[in-house]
Amino acid sequence: MPEQLTQHEISSQTDPSVAKQWDNEAPMSTQFGDFYSIADGIKVCLLSTYRNGTGPVGRSMAVAKRTGPDFLFLANAHSQKFQEIEKNPEVQITFQNSSTQDWVSVTGKATTTSNSDPRIKDIWSQGTRAWFGDLGDGKHTGGPEDPRMKLIEIKATYISYWKAQVGALGFMKEVVGAAITGGVANTGVLRHMLEEDIERERSNRS
């Protein structure tokens with residue numbers, strides 16, 4: 001049900017939509033579990049880097065592998081994003097489910113690897129070849145040995161996400177009810193994990 005806006009929220013300059021959906025009581029195991037569920041269910045995200053003279057630049061990327069709170073991507077070494085990561089390794093990846101409106105935002109530090117990284121063979125698939133092309137020279141084949149094939153690894157430093165607690169009909173009822181009553185819609189939970197939480201999760205999984 002929509003919750004009423006309070007004078008205290010106005011006086012304290014609080015965003016009521018954030019405050020009324022904020023959840024810092026769920027166990028960390030639940031918070032990370034829901035985060036993994038949302039990210040794994042979407043698989044394709046926007047990877048944003050910082051381009052000098054332009055600002056943040058995003059592009060669609062398929063996640064090759066997730067290990068705990070960290071992500072691996074296969075990418076073409078000729079892509080401009082490698083130059084951007086070299087100059088500024090702080091990046092952001094975002095996911096959104098258009099059906100449920102669930103979303104995830106991950107801030108992290110990116111590193112890149114050479115084509116000799118053995119993990120490339122582990123996560124490469126035939127579908128990857130379609131994005132690289134085959135020159136026909138036996139070298140630039142789009143296969144795992146292609147020298148253009150490199151990894152981008154992102155280690156999370158901050159994670160935030162919103163998870164729906166109602167279905168599509170419940171969402172509409174909540175929004176309409178809030179608009180009519182002057183309340184604030186409460187349709188899900190908003191959570192975040194700080195760097196120390198992420199380090200602990202990473203350590204628990206190692």
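Values reported hereafter were calculated over all heavy atoms of this structure, with side chains retained and with hydrogens, waters and symmetry mates removed.
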For residues 193-206, which residue pairs qualify under salt bridge (Lys or Arg N to Asp or Glu O under 4.0 Å), counting only residues two or more places apart or in two chains?
Asp70-Arg202, Asp197-Arg200, Glu199-Arg202, Glu201-Arg205
With the 4.5 Å side-chain cut-off for hydrophobic clustering, are Met28 and Tyr161 part of the same group?
yes
In Å, rounded to the nearest 0.5 Å, how long is the span from CZ of Phe35 to OG1 of Thr30?
14.5 Å
Is it true that the side chains of Gln92 and Ser105 contain a donor and an acceptor less than 3.5 Å apart?
yes
Do Val91 and Ile85 have side chains that get closer than 4.5 Å, going by heavy atoms?
yes
Cluster membership besides Val44, Ile/Leu/Val/Met/Phe/Trp/Tyr side chains within less than 4.5 angstrom, sorted by chain and number, is none
What I want to find out is whether Glu145 reaches Lys139 closely enough, with some N-O distance under 4.0 Å, to be called a salt bridge.
no
If you look at every heavy atom in Ser48 and Gly58, which pair is closest and at what distance?
OG-CA, 3.6 Å
Met193 reachable from Trp103 in the ILVMFWY side-chain graph, under 4.5 Å edges:
no
Side chain to side chain, Asp102 and Lys163, heavy atoms closer than 4.5 Å:
yes
If you measure from OH on Tyr158 to CD on Glu90, what distance do you get to the nearest 0.5 Å?
14.5 Å
Give, for atom CG of Asp146 and atom CG of Asn76, the distance between the pair rounded to the nearest 0.5 Å.
7.5 Å
Following the transitive rule for hydrophobic clusters with a side-chain heavy-atom cut-off under 4.5 Å over Ile, Leu, Val, Met, Phe, Trp and Tyr, establish whether Ile120 and Leu72 coincide in one cluster.
yes
Audit row: Lys81, Leu47, side chain to side chain contact (heavy atoms under 4.5 Å, CB included) steps and yes/no
CA-CA 9 Å; Lys81 56 183 167 284; Leu47 166 61; 4.2 Å; yes
In the structure I gave you, are the side-chain heavy atoms of Ile93 and Ile154 within less than 4.5 Å of one another anywhere?
yes
Answer yes if the side chains of Tyr36 and Arg66 hold a donor-acceptor pair under 3.5 Å, and no otherwise.
no
Do you know the tightest heavy-atom contact between Ala77 and Lys150?
CB-CD, 3.5 Å
Using distance alone, with no hydrogens and no angle criterion, decide if Arg59 and Thr49 have a side-chain donor and acceptor under 3.5 Å apart.
yes
Given the rule in the side chain to side chain contact (heavy atoms under 4.5 Å, CB included) test, do Gln31 and Asp23 qualify, once you have shown the distances and angles that lead to the verdict?
CA-CA 9 Å; Gln31 296 195 40; Asp23 174 26; 5.5 Å; no
Indicate if Val189 and Phe32 have the same hydrophobic cluster label, given that clusters are the connected sets of ILVMFWY residues with side-chain heavy-atom separations under 4.5 angstrom.
no
Are the side chains of Met149 and Leu74 in contact, using a 4.5 Å heavy-atom criterion?
yes
For Leu135 and Thr141: C-alpha separation, side-chain torsions, deciding distance, then whether side chain to side chain contact (heavy atoms under 4.5 Å, CB included) applies.
CA-CA 6 Å; Leu135 184 61; Thr141 64; over 6 Å; no
Side chains of Arg51 and Glu84: does their closest heavy-atom pair fall under 4.5 Å?
yes
Could you give the distance from NE2 (His192) to CG (Leu194), rounded to the nearest 0.5 Å?
4.5 Å
Answer yes or no: is there an ion pair linking Asp34 with Arg191, defined by an N-O contact shorter than 4.0 Å?
yes
If you round to the nearest 0.5 Å, how far is CZ of Phe82 from OG1 of Thr112?
6.0 Å
Would you say the side chain of Arg119 lies within less than 4.5 Å of the side chain of Leu151, judging by non-hydrogen atoms?
yes
Do other residues, nucleotides or ligands put more than 12 heavy atoms under 6.0 Å from Trp22 CH2?
yes
Residue pairs, two or more places apart or on separate chains, that pass ring pair (Phe, Tyr, Trp, His ring centres under 6.0 Å) and touch residues 44-81:
Phe71-Phe95
What one should report as the nearest heavy-atom pair of Gly142 and Arg148 is N-NH2, 3.8 Å
Heavy-atom pair with the smallest gap, counting every atom of Ala156 and Ile198
O-CG2, 3.6 Å
If Ile, Leu, Val, Met, Phe, Trp and Tyr residues are connected whenever their side-chain heavy atoms lie under 4.5 Å apart, and connections chain through other members, are Phe132 and Ile152 in the same group?
no
